[in-house]
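Notes follow the structure.
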Protein chains: 2
Amino acid sequence: MVTKQFSGSPEDADLRRADSLAREIFSDVANKWALLIIESLGERTLRFSELRNEIEGVSHKMLTQNLRMLERNGLIERTVHPVVPPRVEYTLTEAGRALRVTIDGLCDWTHHYLGHIEASRHRFDA
Amino acid sequence: MVTKQFSGSPEDADLRRADSLAREIFSDVANKWALLIIESLGERTLRFSELRNEIEGVSHKMLTQNLRMLERNGLIERTVHPVVPPRVEYTLTEAGRALRVTIDGLCDWTHHYLGHIEASRHRFDA
DNA sequence: CCGTATCCGTTCAGATACTG
DNA sequence: CAGTATCTGAACGGATACGG
């Protein structure tokens, strides 16, 4: 995933393609709002406005943008109920729920090392 | 972590501080280069130039910037050997190694759902 | 070899206004 | 309510040059 060296052999073409795709997905997923959206959805189904209230500081634009991206990658499912006013609901797919497990790990890690990190910052800034 | 609602009670001040700090750490760590650096280091100790070769596409500037950030947060340790030419080595701290475990999970997830995601993208783009 | 500083084009993200 | 489009300043990221 991280490695750089490829020989020029033809079967490496596939490896290079997979590697670059993995990088792309990595870049998509490893961003603040995407992670927070997935955490917020969890096992629930939420409307656009509910997500907006749930995630502090997210703008209308960023939320839309990231929801589209996650939908494109097949991590969330978008269902439009044809009523007025419109009702649009978002829910995690299986891939999304699988990703959520690893993100939970990241959250746990953050809380566990919160003190350690804060202390380290003070040391560094001095 | 994700929740927004706080009452005005005084003991919530700490919660709000911890929450905002967690967000900050989240933003620091959830970025492409930081994750790749941590993955690259793994159990090894690497020099600056070795990291640069290891991580495809990273610029001198980005590498420096992210190494400083990770050092500040206490995820990596930087040791300077007073020789000429300079020899600077980077290694994960315990917190860094703990984080690496969860990042490994993210890598596994990426590879596992690579096909699913690629297919979903083609469907979406049509 | 390693690090910092500067310049400069690109992308990002908020605010606002407007549709169904 | 949900979404799109546009505009504008800020932040990012690469290239380059120079210092320890």
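Residue numbers begin at 1 in each chain, while the letters A, B, ... track the order of the sequences.
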In whole Å, what is the span from the NZ atom of Lys32(A) to the P atom of dC12(C)?
-> 16 Å

Residue list, ring-ring contact (aromatic ring centres under 6.0 Å, His included) with Phe48(A), at least two apart or on another chain = His60(A)

For chain B, the stretch of DNA chain D it reaches, first to last nucleotide, under 4.0 Å of its heavy atoms | dG13(D) to dG20(D)

Net bend of the helix from dC1(C)-dG20(D) to dG20(C)-dC1(D), end axes of five pairs each, nearest 10 degrees = 40°

Keeping the roles fixed (side chain from Arg52(B), backbone from Val58(B)), state whether a donor-acceptor pair exists under 3.5 Å.
-> yes

Looking only at atom types and distance, does a side-chain atom of His116(A) sit under 3.5 Å from a main-chain N or O of Ala95(B), one as donor and one as acceptor?
-> no

Can I get a per-line list of side-chain donor-acceptor pairs under 3.5 Å for residues 24-31 of chain B, giving both atom names and the distance, sequence neighbours left out?
unit_1	atom_1	unit_2	atom_2	d
Glu24(B)	OE2	Arg121(A)	NH1	2.7
Ser27(B)	OG	Arg23(B)	O	3.0
Asp28(B)	OD2	Arg121(A)	NH2	3.4
Asp28(B)	OD2	Asn73(B)	ND2	3.1
Asn31(B)	OD1	Trp33(B)	N	2.8
Asn31(B)	OD1	Ala34(B)	N	3.2
Asn31(B)	ND2	Asp28(B)	O	3.2
Asn31(B)	ND2	Asn66(B)	OD1	3.1

Trp109(B): partners by ring-ring contact (aromatic ring centres under 6.0 Å, His included), with sequence neighbours left out | Tyr113(B)

Check whether any side-chain N or O of Arg52(B) sits under 4.0 Å from OP1 or OP2 of dC1(C), and answer yes or no.
-> no

Pair listing, side-chain hydrogen bond (donor to acceptor under 3.5 Å, both in side chains) test, anchored in residues 79-89 of chain B, at least two apart | His81(B)-Glu89(B), Arg87(B)-Glu89(B)

Strictly under 3.5 Å: I want the nitrogen or oxygen pairs between protein and nucleotides 14-20 of chain C, one per line.
unit_1	atom_1	unit_2	atom_2	d
dG14(C)	OP2	Ser59(A)	OG	2.8
dG14(C)	O6	Lys61(A)	NZ	2.4

Any donor-acceptor pair under 3.5 Å linking the side chain of Thr110(A) with the backbone of Ala22(B)?
-> no

The salt bridge (charged side-chain N to carboxylate O under 4.0 Å, His left out) partners of Arg100(B) (sequence neighbours excluded) come to Glu43(B), Asp104(B)

Residues that Arg44(B) engages under salt bridge (charged side-chain N to carboxylate O under 4.0 Å, His left out), provided they are two or more places apart | Glu54(B)

Sequence neighbours left out, what pairs pass salt bridge (charged side-chain N to carboxylate O under 4.0 Å, His left out) with at least one residue falling in residues 68-83 of chain A?
-> Arg72(A)-Asp125(B)

